[in-house]
Every structure is written in C-alpha cells, then in structure tokens.
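Notes for the one structure printed next.
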Amino acid sequence: MPVLLYNTMSRKLEVFQPIHDTEVGLYSCGPTVYNYAHIGNLRTFLFEDLLKRTLLLSGFSVNHVMNITDVGHLTGDGDDGEDKLERMAQKTHESVWEIARFYTEAFFKDYDALNMIRPNVVCKATDHIQQMIDLIKRLEAGGHTYVSGGNVYFSIDSIDDYGKLARLNLDSLKTAVREEVEEDGNKKNSKDFVLWFTKSKHGQQAMMWDSPWGRGFPGWHIECSAMSMHYLGESFDIHCGGIDAIPVHHTNEIAQSEAATGKKWVNYWLHGEFLLDETGKMSKSKGEFLTLGLLIDKGFDPMDYRYFCLGGHYRSQLKFSFESLATARTARKNVYERIQNLLSQGAKQIELTSTAALAYKAAFLEHIQNDLGTPRTLADLWGVLKDEALDPSEKYSLCLFFDRIFGLRLDGIAAVRAEVFPQEALDLLARRTEAKQARNWPLADTLRAELDAMGYLVKDTPSGSSLEKKM
RNA sequence: GGUGCCAUACCCAAGUGGUAAGGGAAAGGUCUGCAAAACCUUGAUGCAUCGGUUCGAAUCCGAUUGGCACCUCCA
C-alpha cells in the first residue's frame with residue numbers, strides 16, 4: 001500500500017517513493033542544546049518518530065540522521081549575533097562544552113522516555129567542522145560567496161530560485177524589515193546569510209576553529225547541509241523539522257546545498273506544526289517553561305503526553321493545557337485497563353485471519369499511511385477494543401500491531417497487577433469487611449476513608465472487596 | 001506592512017463533495033447498606049456568519065467576523 005505524505009515543497013499530498021528502492025534516507029533537524037527541550041520541541045520529534053514508524057511498518061528501511069546543534073546557533077542572523085550556548089555558559093559559568101553535553105543527555109532522556117526510536121546516526125556539529133569548511137569552499141569556488149566585515153556570506157542573488165520552499169516573495173520581504181531588527185550592513189542582500197564567522201561583537205567565542213577565512217565558527221545553516229550530505233549523500237529522500245524552519249533555516253539549507261552540488265537536494269520536505277499553550281506559541285522565555293520533566297513532576301506519565309500528541313494531526317496546531325493532558329491520561333489508562341482485562345481473559349498474540357480482524361488492520365494502515373492520520377487510528381483502536389465480535393486474542397494482537405505506530409508500550413502491559421499492598425492496608429480492609437458483615441456502616445465508611453487517605457481505593461464487587469492503588 | 005493557516009458539541013479533536021470518527025467530561029440506568037469502581041445507554045438536523053456553485057457542501061468559490069502563526073533566534 002502506498003504511503004501518502006504532504007510535501008511542503010509542492011504543498012500537495014504525494015505518493016512516497018524513495019530514491020533507492022525501499023531504503024529511505026531521513027534527516028531531521030535536531031535539538032539546540034543550550035537548554036531543556038520544551039514539550040513543543042518534543043512534539044516535533046514525536047511527529048518524526050511517527051513518520052519513521054510508519055515507513056518501517058510499510059516495509060521500508062530507514063536511515064535516520066539527526067544533528068545536535070552544539071555551536072553556531074545565534075540569537076540573531078547578523079554578524080553581531082550572540083551564540084545561545086555562549087550566553088548560557090556566561091550565565092552558569094560552565095563551559096560551552098559542558099552545557100552542550102548536559103543538555104544533549106537531557107534531550108535523549110526525554111527521547112527515550114517518550115519511547116521514540118533513536119536515530120541511526122546522531123551527529124554533533126562540532127564533530128563536522130571540516131565537512132562544513134569543505135562545503136563552504138565548494139560554494140566559494142562556484143562563486144556563491146563573498147567576504148564582508150570578516151565573515152563569509154552566501155549570496156542569494158547567485159542563484160535563481162532562492163526561497164522556493166517557503167514561496168517567499170523577495171521584493172516584499174526586502175521592504176518589510178522590522179524596525180527593532182538591526183540591519184547587517186555587511187550584507188549585499190538583506191537575505192544573505194553567514195556561512196563562516198570570524199567576528200562577533202559578543203566577546204571571545206570559546207569554540208573556534210581554523211579555516212581558510214580565519215579562525216572562527218560556522219553559521220547555523222551550513223551544519224545541516226554538510227552533515228546530511230555527509231551521511232545521506234548529495235540527494236536524499238526526506239528532510240523534516242518544525243514549521244518555523246521553512247522560511248529561513250530550510251530555505252537557506254536548500255540554497256547552499258543545491259548551489260554546491262548543482263543537484264536537487266531533498267525530495268520530500270515534511271514539517272510539524274506548533275504546539276500552543278493558552279497564550280499562543282510556546283517559548284522558552286515566555287510563561288511557564290513546559291518540559292517533560294515538569295509534566296512528570298505533576299504526576300503524568302510520558303506516555304500520557306505521547307497519547308495526547310497522537311490525538312492531533314501533526315500538520316495542525318494543537319492546544320496544550322493540563323486539562324487536555326489529563327483527558328489523554330484518563331483515555332490512555334482506560335486503554336491499558338481494557339488490555340489488562342483481555343490478558344486476564346487469556347488473550348495471546350496470534351496471527352490474524354478473520355475477515356473482521358483483517359479489515360481493522362487494513363483500515364488502520366490506510367489511515368496511518370494517509371499522511372500519518374494518527375487521530376483516526378486512535379479511533380480504530382477504540383473500535384477494536386469495543387467490538388464484541390472480536391475475540392480477546394484478536395483484539396490483543398491488533399492492539400500490539402497498532403502499537404508499532406503508537407509506541408504506547410502496550411506490549412509491556414501485564415495480565416494482573418502485581419501490586420503488593422502493605423499489611424496495614426490489608427488489615428484495614430479486613431476490618432472493614434468485618435464491619436460490613438456486622439452492618440456497622442459508620443465504621444466501614446471510616447475505614448474506607450482511612451484507606452483512601454493512604455492512597456488506596458476500595459472496590460466492592462459481588463465476589464468481595466479489593467484494593468487498588470490510586471493513580 | 002507582507003505571507004500563510006484555522007474557526008466542528010461543555011472541552012480536546014478527526015473528517016476536503018454524498019449526508020457529522022474518537023476521547024474526556026456530563027446525564028440516566030444496572031449493581032451497592034451508601035458510595036466508589038465496573039458495565040450499559042444517551043449526545044451536534046448541524047460544522048463562525050452571509051451569499052454563491054451543485055442533484056447534493058462542514059467539505060468548492062466569494063465576502064464578513066474572530067483567532068493563530070510566520071516574515072526576527074525559535075520545534
């Protein structure tokens with residue numbers, strides 16, 4: 001079955017066809033490691049994980065490359081831009097290397113907690129300075145660069161299709177420079193961008209390398225071009241990232257990559273939409289800094305956030321609130337409980353053969369392969385769980401199949417809750433049962449309240465009373 | 001100022017021409033000493049407003065209103 005993906009370049013749904021048969025080259029713009037990732041950042045990585053899982057389930061092999069931006073990510077695009085890592089280093093009095101390392105580790109901790117499949121290659125910008133210098137040399141040889149004020153710039157007027165991804169209207173952009181943004185007087189065209197810095201107004205950079213243009217550091221955009229081509233070749237299949245990368249970062253990547261090779265660089269561009277909070281766009285500087293760690297501190301499981309993201313389509317803005325997250329948590333727990341019940345009924349993983357089960361599987365594939373229709377597949381999941389015509393093993397097996405996309409760790413659910421209750425709680429429960437038998441309702445209710453205060457829920461069933469740990 | 005996106009029930013959210021997925025919340029019921037839990041049932045005659053195209057529109061076109069994003073580091 002074909003996989004349909006929305007390509008930002010064409011603004012259309014396209015049938016996905018890799019360059020090499022069934023092998024897919026996938027590059028995703030990784031994190032900037034000067035701070036924790038917030039849950040909006042993580043949403044984009046979740047979308048990429050879903051994409052990768054969909055390709056894998058569809059029979060492709062995926063070579064996934066992700067970069068770590070540990071240098072050159074400036075707060076501004078002019079030659080006076082300050083490096084985010086440098087600024088954080090000044091604030092915390094740690095070295096930029098320590099900061100980058102710390103937040104890289106923190107990033108992958110979140111990555112694993114959200115059950116995302118790790119990339120095949122994780123590459124740090126600082127390990128690939130030579131590839132960047134080589135690429136700049138090629139651009140220089142091709143007449144696409146100029147040196148001004150000590151920095152090497154890419155000249156967008158040296159190519160004729162600048163801005164094709166974002167469909168930029170260059171004339172109107174030139175006149176729309178905002179007042180508070182200081183113009184970089186070194187640029188011939190205001191949309192030109194820096195490939196190599198040797199000058200920065202903001203003191204000494206800790207990270208500097210020798211280059212043909214002097215000791216300095218690379219611009220942000222060149223890193224993705226250099227590393228993606230290094231690992232995936234001069235033309236590859238998919239490049240993805242957040243929607244904000246379209247007008248500047250990806251636009252500049254395309255310009256320099258295609259100017260250097262003279263070839264079409266990437267065939268499919270996929271972008272994830274933003275997660276919004278109550279005030280609009282989520283940012284690290286405004287309002288509550290929402291990290292996965294904060295969610296966990298508030299009692300949520302990373303899978304709650306994963307389920308929450310599954311509920312919205314990746315190309316739509318999604319509104320985050322703790323209320324919505326709690327909704328997702330309840331829903332997710334209900335799924336887990338139903339699966340637990342299936343296991344209690346003796347459900348096992350089997351090969352699906354019935355017409356009904358195969359129909360569910362086919363519908364699921366159709367939905368996920370249609371531009372990652374995760375909200376629809378969640379509905380498929382509920383349809384399966386509630387369908388009386390399916391037997392427990394069929395339901396369970398379908399759930400596990402679906403989970404190859406969902407990644408909700410449904411395969412880790414055990415048949416019975418292996419919970420051990422403290423003797424104190426069991427004693428209280430026993431006393432309550434006695435009280436009930438003696439029809440001493442006030443005492444029974446008091447004991448129930450005590451257990452509740454201890455964090456245990458009492459469940460009365462026809463076969464007796466039992467405890468459950470409150471979640 | 002320029003560009004683009006969106007507007008679906010109490011909330012979140014699918015659905016791009018054929019008569020409104022799903023989840024949560026809520027209500028009712030069964031059960032219960034009473035609760036909780038569990039299980040069952042119920043939900044938009046309508047998809048911001050107005051007009052148009054069509055046999056037929058939430059879905060296409062136009063206008064209006066409202067919200068958001070990007071153009072500046074940002075996932």
Side-chain angles (χ1 to χ4, degrees), chain A residues 11 13 28-32 34-35 37-48 73-78 81-84 87 163 166-169 171-182 191 220 240-249 251 271-276 279-286 307-308 310-321 323-332 334-335 337 341 363 367 373-383 385-386 435-436 439-442 444-445 448-449 452 457-462 465-466 468 470:
Chain A
R11 310 284 159 98
L13 231 41
S28 50
C29 282
T32 50
Y34 63 95
N35 204 337
H38 61 58
I39 57 174
N41 301 126
L42 294 174
R43 184 192 181 197
T44 299
F45 294 107
L46 238 16
F47 136 63
E48 291 160 354
H73 202 44
L74 306 178
T75 55
D77 200 31
E82 190 181 4
D83 191 289
K84 289 182 171 179
R87 190 165 64 179
R167 305 198 171 176
L168 299 178
N169 179 338
D171 293 332
S172 63
L173 276 172
K174 279 179 201 170
T175 57
V177 180
R178 288 241 222 128
E179 292 153 27
E180 64 265 37
V181 177
E182 203 180 320
K191 297 304 286 181
W220 173 40
C240 41
I243 196 164
D244 57 299
I246 297 171
V248 180
H249 185 50
T251 288
H271 294 94
E273 252 291 0
F274 275 136
L275 180 74
L276 307 178
T279 64
K281 191 184 75 173
M282 198 163 283
S283 78
K284 294 181 182 178
S285 53
K286 182 185 74 179
Y307 189 99
F308 171 78
L310 251 18
H313 191 260
Y314 79 94
R315 282 197 288 119
S316 297
Q317 292 178 341
L318 184 60
K319 275 178 266 181
F320 177 84
S321 67
E323 193 187 345
S324 294
L325 184 63
T327 291
R329 169 171 59 189
T330 304
R332 198 205 102 234
N334 287 339
V335 169
E337 266 179 37
N341 290 339
H367 294 142
T374 54
R376 201 45 247 258
T377 58
L378 235 31
D380 292 334
L381 173 67
W382 283 98
L385 290 170
K386 290 185 170 180
K436 277 184 71 177
R439 306 187 76 80
N440 185 348
W441 309 128
D445 289 349
R448 181 168 64 198
D452 185 76
L457 203 63
V458 177
K459 286 187 170 183
D460 289 336
T461 65
S465 301
S466 64
E468 186 177 296
K470 284 199 292 187

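Within every chain, numbering begins at 1; the chains are lettered A, B, ... in the order of the sequence lines, protein sequences first and strands thereafter.
- To the nearest angstrom, C1' of B:G23 lies 13 Å from CZ of A:Arg376.
- As rounded to whole Å, 13 Å separates atom C1' of B:G23 from atom CG of A:Leu325.
- We find that CG of A:Leu275 is positioned 10 Å from P of B:A13, with the value rounded to whole Å.
- When each of B:G24, B:C12, B:G33 is scored by its nearest atom to the side-chain atoms of A:Ala444, the top-ranked nucleotide is B:G33.
- When the side-chain nitrogen and oxygen atoms of A:Thr32 are compared with OP1 and OP2 of B:A75, one or more of them lie within a distance under 4.0 Å.
- Using a 4.0 Å heavy-atom cutoff across all strands shown, A:Arg167 reaches no nucleic acid atom at all.
- If you check every strand for non-hydrogen atoms under 4.0 Å, A:Trp441 touches a base.
- Of the candidates B:C71, B:G23, B:A75, the closest approach to any side-chain atom of A:Phe274 belongs to B:A75.
- Rounded to whole Å, atom C1' of B:C68 lies 5 Å from atom CD of A:Gln317.
- The shortest non-hydrogen separation linking A:Tyr307 to A:Ala328 is CD2-O, 3.8 Å.
- Of all heavy-atom pairs between A:Arg43 and A:Tyr314, the closest is NH2-CA, 3.7 Å.
- Picking from B:A38, B:G23, B:A21 the nucleotide with the shortest atom distance to the side chain of A:Glu337 gives B:A38.
- Distance check on atom P: B:C71 versus B:U19 gives 41 Å, rounded to whole Å.
- The minimum heavy-atom distance linking A:Ala37 with A:Leu42 is given by the pair CB-CD2, 4.1 Å.
- Closest to the side chain of A:Thr327, from the set B:A35, B:G24, B:A21, is B:G24.
- Across the P atoms, B:C31 and B:U8 are found 41 Å apart, a figure rounded to whole Å.
- With both ends at atom P, the span from B:A57 to B:G23 equals 29 Å, rounded to whole Å.
- One can find a donor-acceptor pair under 3.5 Å joining the base of B:G33 and the side-chain atoms of A:Asp445.
- Here B:A21 is the nucleotide among B:A21, B:C34, B:C12 with the atom lying nearest to any side-chain atom of A:Pro375.
- In this structure, the NE2 atom of A:His313 is 12 Å from the P atom of B:C6, given to the nearest Å.
- A donor-acceptor contact under 3.5 Å is formed by the side chain of A:Arg448 with the base of B:A35.
- Closest approach to the A:Leu276 side chain among B:A21, B:A69, B:C12 is made by B:A69 (side chain taken as heavy atoms from C-beta onward).
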Discussion item. What does the 5'-to-3' dot-bracket notation of RNA chain B look like when only Watson-Crick and G-U wobble pairs under 3.5 Å count, and pairs to other strands show as |?
Written reply: ((((((((.[[[..)..(...]]].(((((.......))))).....[[[[[..)....]]]]])))))))....
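- Across every non-hydrogen atom of A:His271 and A:Ile243, the tightest pair is CB-CA, 4.0 Å.
- Heavy atoms of A:Leu318 sit under 4.0 angstrom from primed sugar atoms or phosphate atoms, though from no base atom.
- Contact annotation: A:Asn334 side-chain N/O to B:G24 OP1/OP2 distance is under 4.0 Å.
- Summarising the geometry, the separation between NZ on A:Lys436 and P on B:G33 is reported as 7 Å, rounded to the nearest angstrom.
- Of the candidate nucleotides B:A36, B:A75, B:A25, B:A36 has the atom nearest to the side chain of A:Leu457.
- As rounded to the nearest Å, B:U59 and B:G17 have C1' atoms that lie 6 Å from one another.
- Side-chain atoms of A:Glu273 and A:Ser316, non-hydrogen and from C-beta on, never get closer than 4.5 Å to each other.
- To the nearest angstrom, C1' of B:C70 lies 12 Å from NE2 of A:His271.
- Contact check, A:Lys386 against B:G23: a side-chain N or O comes under 4.0 Å of OP1 or OP2.
- When each of B:G33, B:G24, B:A75 is scored by its nearest atom to the side-chain atoms of A:Asp244, the top-ranked nucleotide is B:A75.
- A salt bridge does not link A:Asp452 to A:Arg448: none of the charged side-chain nitrogens sits closer than 4.0 Å to a carboxylate oxygen.
- Neither OP1 nor OP2 of B:A36 sits under 4.0 Å from any side-chain N or O of A:Lys459.
- For the C1' atom pair drawn from B:U16 and B:C11, the interatomic distance equals 25 Å after rounding to whole Å.
- The NE2-P distance, from A:His249 to B:C71, rounds to 14 Å in whole Å.
- Residue A:Ser316 has no polar side-chain atom (N or O) positioned under 4.0 Å from OP1 or OP2 of B:A13.
- Among A:Thr377, A:Leu378, A:Thr374, the one residue that satisfies the side-chain contact (heavy atoms from CB on, under 4.5 Å) test with A:His367 is A:Thr377.
- Annotation: A:Arg11, atom CZ; neighbour count of heavy atoms from other residues, nucleotides and ligands within 6.0 Å is above 12.
- At the heavy-atom level, A:Gly40 lies under 4.0 Å from base atoms of the strands shown.
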